[in-house]
Amino acid sequence: MARQRATRLEPQSRDLNRTREKILAAALTEFSAKGFAGARVDAIARRARVNKRMLYYCFGAKQDLYREILRRKIADRAGFIESTPDDFAGALAHIYLSGGTDIEFIRLMEWEAIESGGRKCIAEDERRALFEKAVARLRVLQRKGSIPRGVNLTHLFISMLSLALFPLVMPQIIRLMHGMEPTDKRFMRERENFLRWLGERLAGSAVSPVVPVRSRSRLNTTVRIGAAVHRGRSFNKPSQLQ
């Protein structure tokens, strides 16, 4: 009898899981198009082709639905962080490929920035923990020599996010400057290659570059010329400085 009851419940459970996934997909589309404040539960239900009562049964209030979307996105990104390559160039390209192509989530975050007004965000503690995990991963790369010592890793991660996310944050600028949409596969390949190129050069640079001898000599020459002119002397050739 118990086995028969379990057999009957399995299809029901699968149906409920499919319904939840449909609601989440519809909610992500609605939230990214209108923001949390502008999204309506009845619109989400229509997109998912379920009634509102089923939506409330699966997730509760609109805020609970939004939180579940964030929870899943945070879990995805935690996995991305764990799979970050050990070289900085690969890490920079990895952030772009794993997060910089998620247009719906980026639009969701843009709406949140507009609507929040400096107030505490939903799932703020979970997101802060995610960013701390990302910086900790960069610290591992730094210990392995992929990132120069002395670099402020928090600012580095902010800059990495900026490089990765800007194309989708400002698609109109990309279109005007490059002639392609940021979602175009050709643009994405070019962007990935550029970020790898940039990452290799940043990883190979020092925090405080030493001025090359030739450049330092030229700098000293310029200073000496300026001092002499200030004293009223004039020069026709650099050799007169010797």
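Numbering of residues begins at 1 and proceeds along the displayed sequence. Owing to the predicted nature of the structure, the values given are computational and were not obtained by experimental measurement.
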Taking Arg128 first and then Glu124, would you say they form a salt bridge - that is, a charged N and a carboxylate O separated by under 4.0 Å? yes
Would you find more than 12 non-hydrogen atoms of other residues, nucleotides or ligands less than 6.0 Å from Arg77 atom CZ? yes
Under a 4.0 Å N-O cut-off, is there an ion pair linking Glu190 with Arg186? no
Shortest non-hydrogen contact from Leu55 to Val41? CD2-CG1, 3.8 Å
When you compare the side chain of Arg191 with that of Asp184, does any pair of heavy atoms fall below 4.5 Å? no
Before giving the answer on salt bridge (Lys or Arg N to Asp or Glu O under 4.0 Å), spell out for Glu200 and Arg196 the whole-Å C-alpha distance, their side-chain angles and the decisive distance to 0.1 Å. CA-CA 6 Å; Glu200 288 171 358; Arg196 290 186 185 279; over 6 Å; no
Under the criterion salt bridge (Lys or Arg N to Asp or Glu O under 4.0 Å), I'd like the reasoning laid out for Asp64 against Arg67: C-alpha separation, chi angles, the key distance, then a yes or no. CA-CA 5 Å; Asp64 297 322; Arg67 183 181 291 277; 5.2 Å; no
CD1/Ile114 to CZ/Phe36 distance, rounded to the nearest 0.5 angstrom? 15.5 Å
Euclidean distance, Glu104 CD relative to Leu28 CG, rounded to 0.5 Å: 4.0 Å
Taking atom CD of Glu126 and atom CZ of Arg71, what is their separation to the nearest 0.5 Å? 10.0 Å
For residues 164-199, pull every pair meeting ring-ring contact (aromatic ring centres under 6.0 Å, His included), keeping only residues two or more places apart or in separate chains. His178-Phe187, Phe194-Trp197
Which pair of heavy atoms, one from Phe88 and one from Gly199, lies closest together, and at what distance? CD2-O, 3.4 Å
Please report the C-alpha distance between Glu30 and Lys62 in whole Å, then the side-chain angles of each, then the deciding distance to 0.1 Å, and finally whether the salt bridge (Lys or Arg N to Asp or Glu O under 4.0 Å) criterion is met. CA-CA 11 Å; Glu30 183 74 8; Lys62 182 172 74 169; over 6 Å; no
Non-hydrogen atoms of Arg149 and Gln142 that approach each other most closely: CA-NE2, 3.8 Å
